Number of protein chains: 2
Amino acid sequence: MAVTLKDVARASGVHVSTVSRAFSAAHLVNARTRARVLAAADELGYRPNRAARALSTRRTGNLGVVVADIANPFFPPLLKAAQEEARARDHHLFIADTDERTAVEEEAVRSLAGQVDGLVLAAPRMSDRLIRELAAEVPLVVVNRRVRGLPCVLMDVGGGIARAVARLAALGHRDLALVSGPAASWTGRRAARAAGAAAREHGVRVHRVGPHPPTEEGGAAAFDAVAGLGATAALAHNDLMALGLLAAARERGVPVPGRLSVVGVDDSLTARHTRPALTTVAMPAGEAGRAAVDLLLRGAAPRDLVLGTRLVERDSTGPAPRAQA
Amino acid sequence: MAVTLKDVARASGVHVSTVSRAFSAAHLVNARTRARVLAAADELGYRPNRAARALSTRRTGNLGVVVADIANPFFPPLLKAAQEEARARDHHLFIADTDERTAVEEEAVRSLAGQVDGLVLAAPRMSDRLIRELAAEVPLVVVNRRVRGLPCVLMDVGGGIARAVARLAALGHRDLALVSGPAASWTGRRAARAAGAAAREHGVRVHRVGPHPPTEEGGAAAFDAVAGLGATAALAHNDLMALGLLAAARERGVPVPGRLSVVGVDDSLTARHTRPALTTVAMPAGEAGRAAVDLLLRGAAPRDLVLGTRLVERDSTGPAPRAQA
DNA sequence: ATGAAAGCGCTAACAG
DNA sequence: CTGTTAGCGCTTTCAT
């Protein structure tokens, strides 16, 4: 049985309410009494019972992060930073993996709602309407998606994609394939729009391929469509899909970047290590995780925070192949 | 304000305790009353307050996982599986990242102890003594380390390493470098012992290099020592360190596996994609995560569960180079 | 500055 | 089978 306020009270000869105050309202208690209480608490190894505290204050000291897939390399840095920030501010962090299933997202939020002071929704797939409805039950901060009326941490994928398109155009590419991930991905829609605009600006064409699951398999599955289009460069929804594209290209004997240039999004660990090393739009996932927690804890107003991205050029992109009948 | 038992009681015309029983002791209540209560609850969107329930039952419905580094690719699959298993059994999962710092481990356990029904310690660095002491405060299951008196989920790294040594010996290697990670790593000690035994058996030598941090940087830092030893093959503590070794080799112009064979441990995503693709000891991290949660929830006896590993041979290992003065 | 008492939402004897 | 009561550990009025 853990040591409670009552034990500390007994040990220090004061009433429980005084002990309580010694912890959560220091200024309301005589400095010397407080010192005595704290000493006793320390001696006994007292740890406040968070559940009990939550019951009476309605603040739990917990936060949660809901992600689509912990194993997708985009998320671990986000989770790590979020948990770091949470801990630095004396909060614990729940984690929920929805396995890319929309229904699970809603359930995760609802079931966590009562146990947290706020939730970070990372790249949710639910409808805006549902997200807003859920926001009525628990403070929400959304990452990688803009939902009006809620604080959102956005990354400038659009800018990154635009830079990628510009670069590819400069390398002589005229037909780009945009390999998209989940249809419900806000980031994906953003990327598509930016790609379209940049394409017009640079006088190149971009063809949509997909949607496909945002995994290696999804990327590999998209390969034939990309090749069929006669595209000389592919912009993948994320690094994982780009990796799948790379693998399929290798299998089909299509040299990268010789005949096909490939660009990913995320800049995950693997992007650096795969061969050819992947050119990719670096997303500040860690920064986003930290920021999301910060916004939650500050009870931030519903404003968008946009973080920068950059194009990291490696070896999977190169000059367009000479046209050859 | 969330809807409470009281609201449901009022709406269905029974006492709160009946409502409570309708949820947590179905057999103690008339089927028809129960149906009515459930209907009312559903109608109102009632969700039990876990904190309140925890206060009176002393069961929180929460578990926690303490890991050294979420961003280390070994952990995400473990976390994912653990959270999946937890959710399947109606539990929520806290996550704590200790950033490889021992002191943080203890604090994480203590501060989470009151809020969970049990904790998974994944590859902890604390002393056995401390772990046992903490186990008195909260049920613990340890992964990747044997602690007597506690349920442990182990992976047969020893076997994997032995197979790797055997294979390298068969390829003609005579001097192997064992590049170790954190000194406090149980897995690392296990690997070292197994490497030693296998080396004797096959008549080869193994030289210890390290300890180094279990990161790419750590691996890279070990490279010169490995080269200085005249070893023709390196067994790294994990994939991350193996990747560092690979990068350093590339930088120094040492061909892999031409002049140096490299073996990792984990079989992370990156191991498959790096070039040369990494030969590695595959660790069943997901299985371990799931098993750990299962043991926790079953209140398992302090027995060891050992999961198998296998050697995945890819392109970073090959025949030993011909001796040349 | 401290004590007393009520109450957060729920469960668990105990009656009936 | 259901209502009553007490209490989980803590905070928070309200007195004093």
Side-chain angles (χ1 to χ4, degrees), chain A residues 1-38 40-41 44-62 90 110-117 137-138, chain B residues 1-38 40-41 44-62 90 92 111-117 137-138:
Chain A
M1 185 104 302
V3 13
T4 75
L5 266 194
K6 196 150 50 162
D7 301 319
V8 179
R10 191 166 333 129
S12 47
V14 296
H15 195 267
V16 290
S17 55
T18 303
V19 180
S20 171
R21 281 188 284 253
F23 283 99
S24 32
H27 59 285
L28 291 181
V29 53
N30 179 300
R32 311 185 43 168
T33 335
R34 182 169 132 87
R36 193 151 40 88
V37 168
L38 262 29
L44 297 178
Y46 168 72
R47 296 251 168 184
N49 177 324
R50 294 247 194 176
R53 181 177 284 181
L55 198 52
S56 94
T57 59
R58 320 198 133 276
R59 302 205 64 256
T60 63
N62 295 149
D90 197 28
R110 290 199 194 277
S111 72
L112 240 21
Q115 283 199 91
V116 299
D117 298 333
E137 299 191 19
V138 55
Chain B
M1 184 103 301
V3 13
T4 75
L5 266 194
K6 196 151 49 162
D7 301 318
V8 179
R10 192 167 331 130
S12 47
V14 296
H15 195 269
V16 290
S17 56
T18 303
V19 180
S20 171
R21 282 188 284 253
F23 282 99
S24 34
H27 59 286
L28 290 182
V29 54
N30 180 299
R32 311 186 44 166
T33 333
R34 181 169 133 88
R36 193 150 42 87
V37 168
L38 260 30
L44 297 177
Y46 168 71
R47 296 253 167 183
N49 178 324
R50 294 246 193 177
R53 182 177 282 180
L55 199 51
S56 106
T57 60
R58 322 199 132 276
R59 304 205 63 256
T60 62
N62 296 149
D90 198 29
H92 292 299
S111 73
L112 240 21
Q115 280 198 94
V116 298
D117 299 333
E137 300 191 18
V138 57

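Order of the sequence lines fixes the chain letters, A, B, ..., with proteins taken first and strands second; residue numbering starts at 1 for each chain. Given the structure is predicted, the values throughout are model-derived calculations rather than measurements.
As a whole-Å value, the separation of Arg21(A) CZ from dA4(C) P is 11 Å. Straight-line distance from the CG atom of Leu55(A) to the C1' atom of dC8(C): 4 Å, rounded to whole Å. Taking atom CG of residue Leu28(B) and atom C1' of nucleotide dT4(D), one finds them 16 Å apart after rounding to whole Å. Between Arg34(A) atom CZ and dA1(C) atom P the separation is 13 Å, expressed in whole Å. For the pair Gln115(B) CD and dG9(D) P, the interatomic distance rounds to 15 Å; values are reported in whole Å. Taking atom CG of Leu5(A) as the reference point, atom P of dC8(D) lies 13 Å away to the nearest angstrom. Protein atom CZ of Arg59(B) is 16 Å distant from nucleotide atom C1' of dC8(D), rounded to whole Å. Between the P atom of dC10(D) and the NZ atom of Lys6(A) lies a distance of 10 Å, rounded to the nearest Å.
For Ser24(A), whose side chain is taken as the heavy atoms from C-beta onward, the closest listed nucleotide among dC10(C), dG9(D), dT11(D) is dT11(D). Nearest nucleotide to the side chain of Ser56(B), out of dT2(D), dG3(D), dG7(D): dG7(D). The side chain of His15(B) lies closest to dT4(D), out of dT4(D), dC10(C), dC10(D).
One cannot find a donor-acceptor pair under 3.5 Å joining the base of dG9(C) and the side-chain atoms of Arg58(A). Between the side chain of Arg50(B) and the base of dG9(C) there is no donor-acceptor pair of N/O atoms closer than 3.5 Å. Residue-to-nucleotide contacts include a donor-acceptor pair under 3.5 Å from the side chain of Ser17(B) to the base of dT4(D).
A sub-4.0 Å separation between OP1 or OP2 of dT2(C) and a side-chain N or O of Thr33(A) is present. Note on Ser20(B): every side-chain N or O is 4.0 Å or more away from OP1 and OP2 of dC10(C).
Between Arg53(A) and Val16(B), the residue anchored closer to the 5' end of DNA chain D is Val16(B), taking for each the nucleotide with the nearest heavy atom. Each of Thr57(B) and Thr18(A) was assigned the nucleotide of DNA chain D with the nearest heavy atom; the assignment lying further toward the 5' end belongs to Thr57(B).
The two residues Thr4(A) and Tyr46(A) make their nearest non-hydrogen contact at C-CE1, 3.6 Å. Asp7(B) and Val3(B) make their closest contact through OD2-CA, 3.3 Å (heavy atoms, listed as atom of the first residue, atom of the second, distance).
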Inset, instruction - Tell me, with the steps shown, if Asp90(B) and Arg59(B) meet salt bridge (charged side-chain N to carboxylate O under 4.0 Å, His left out). - result: CA-CA 12 Å; Asp90(B) 198 29; Arg59(B) 304 205 63 256; over 6 Å; no
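Residue contacts for Tyr46(A): at a heavy-atom cut-off of 4.0 Å it reaches the sugar-phosphate backbone alone, with no base atom in range. If you check every strand for non-hydrogen atoms under 4.0 Å, Thr4(B) touches sugar and phosphate atoms only.
Proximity of a side-chain donor or acceptor of Arg36(A) to a complementary backbone N or O of Ser12(A) within less than 3.5 Å is detected. At least one donor-acceptor pair under 3.5 Å links the side chain of Ser24(B) to the backbone N or O of Ser20(B).
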